[in-house]
Amino acid sequence: MKTNELTSPLLERFLRYVQVWTTSDSNSADSGNQPSTKNQFDLAHILEAELKTLGLQDVQITDHCYVYGRLPASKGCEKIEPFCLLAHIDTVEEVSGENVKPQVHKNYAGEDIILKSGDILSVQKDLALAESAKNHETIITSDGTTLLGADDKAGVAEIMTALEYFAKNPEAQHGEIEVCFSPDEETGHGMDNVPLNLIKSKYAYTVDGGHIGELETECFNAFKSEVTFTGVSVHTGSARGILVNAITMASNFVTNLPRHESPETTSGYEGFYAPMTIEGSIESAKVVIFLRDFDSVNMENRKALVDTLANATAASFGGKVEVKHTQQYLNMKNGFKNRADVIENLVAAYKKAGVEPCFTPIRGGTDGSRLTEMGIPCPNIFTGGHNYHSRTEWASLEQMGKAMAVLVNLIEK
């Protein structure tokens, strides 16, 4: 069986998975709950049953909603070093992931795709979509009232369909393969309770990238800064010389962050300051900022600037401020220094699938970033998904098929 014969099962799986509501909740996750939403178990149970059907062993769901399974090595391949494949089951909370209605646009030729929300996917504004149009690929979108969920259910479907290849081709030789599907990646807590007691592999691959060919071995250093201003409340009619408005302090602080170093003005290896929330009252107001930079020294400078601006703001208004910096994940680049073979094997799998690898930095992080910190090197593989975290999210079935072929090449010996 050739991998292109699994295109229909791949599409069927993907369409089915995206219709399962698995939106995660960052506030719940930050409070220590995992999974942050109970409905993530719905997809976990589906995957558990399918893994068993595909012949995996030790299949289980942990209390924290990780799905684990193990494909035993073929006879004679028991000494081949095992590795683990990972993808996450949750979707981002900024756009609804409930009642997803996937739309399949076959033989796409470049016409505008007008979504129910009024959003338009246009080849004039999306170079990747234009590339897919030239190849007349099958494009999958939502109806525009929700996100699609290709991040990362495309990765989940690709792993599952690659496993189906080996279930239908028992003569194909392979070492032991571990599989782990995680909750709460979108909240930054995807590896908080990863079952390292089950995972024996010394290296792994996440399937959570984007455009065809992307191969990611480095990512941002990431910190969350919580800046809490304390003011003085008094009746506004007699406030002169007494009132200190925490809302005004917080607003002034955000305004003074470098505008040329925001997510909307940066790309490539440029870092940024990203105000995520601002809330409060006259007496107390809190700003949450995401700090991102590929360089660790630059990250320390960013944290120092936040401290300086916060203290200067509080002093100028006569209020108080408290700043808390929390590490979210670190650049995984250094994790491959002693395991160049992990990347070399992946490059070979890309080329065997007819895909030219393109090394791009992740302007974000993955579960693989955290796993690499834990000592398990874990580069990231493309999925064929695009426009993540938006109503205009889309995926190419042909690119998804290539990602699945890469996985088969990685596994087969």
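- Counting only residues at least two apart or on different chains, the salt bridge (charged side-chain N to carboxylate O under 4.0 Å, His left out) pairs with a member in residues 218-227 are D30-K224, E226-K286.
- Atom CZ of R370 sits about 9.5 Å away from atom CG of L330, to the nearest 0.5 Å.
- Identified under the ring pair (Phe, Tyr, Trp, His ring centres under 6.0 Å) test for residues 262-304, with sequence neighbours left out: F220-F272, F220-F294, Y269-F294.
- By the ring pair (Phe, Tyr, Trp, His ring centres under 6.0 Å) test, H386 is found to be paired with H211, W394, residues two or more places apart in sequence or in another chain being considered.
- F382 meets the ring pair (Phe, Tyr, Trp, His ring centres under 6.0 Å) test with Y350; sequence neighbours excluded.
- Within the structure, ring pair (Phe, Tyr, Trp, His ring centres under 6.0 Å) contacts touching residues 101-150 (residues at least two apart or in different chains) do not occur.
- Residue K333 qualifies as open at atom NZ: its count of foreign heavy atoms under 6.0 Å is 12 or below.
- Note on K200 versus E178: no salt bridge recorded, every NZ/NE/NH1/NH2 to OD/OE distance being 4.0 Å or above.
- A salt bridge links K303 with E300; the closest basic N to acidic carboxylate O contact falls under 4.0 Å.
- The pair R339-E344 fails the salt-bridge criterion, with no side-chain N (NZ, NE, NH1 or NH2) lying under 4.0 Å from an Asp/Glu carboxylate O.
- By the ring pair (Phe, Tyr, Trp, His ring centres under 6.0 Å) test, F359 is found to be paired with no residue, residues two or more places apart in sequence or in another chain being considered.
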For residues 308-317, tabulate all N or O donor-acceptor pairs below 3.5 Å that involve a side-chain atom, not counting sequence neighbours.
unit_1, atom_1, unit_2, atom_2, d
T308, OG1, A304, O, 3.0
N311, ND2, D307, O, 3.0
T313, OG1, L309, O, 2.7
S316, OG, A312, O, 3.3
S316, OG, T313, O, 2.9

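- Taking the side chain to side chain contact (heavy atoms under 4.5 Å, CB included) definition, one finds that N99 meets it with K101, sequence neighbours left out.
- Under the 4.0 Å criterion applied to side-chain N and carboxylate O atoms, D58 and R70 are assigned as salt-bridge partners.
- By the 4.0 Å N-to-carboxylate-O rule, R13 lies too far from E158 to be salt-bridged with it.
- In terms of the side chain to side chain contact (heavy atoms under 4.5 Å, CB included) criterion, residue partners of N33 (sequence neighbours excluded) are, by chain and number, S28, S31.
- With sequence neighbours excluded, the residues satisfying ring pair (Phe, Tyr, Trp, His ring centres under 6.0 Å) with H174 are F166.
- Every residue two or more places apart in sequence or in another chain was checked for a side-chain hydrogen bond (donor to acceptor under 3.5 Å, both in side chains) with N409, and none qualifies.
- Around CG of N107, the count of heavy atoms belonging to other residues, nucleotides or ligands within 6.0 Å exceeds 12.
- Note on residues 221-260: pairs passing ring pair (Phe, Tyr, Trp, His ring centres under 6.0 Å), not counting sequence neighbours, are F229-F253.
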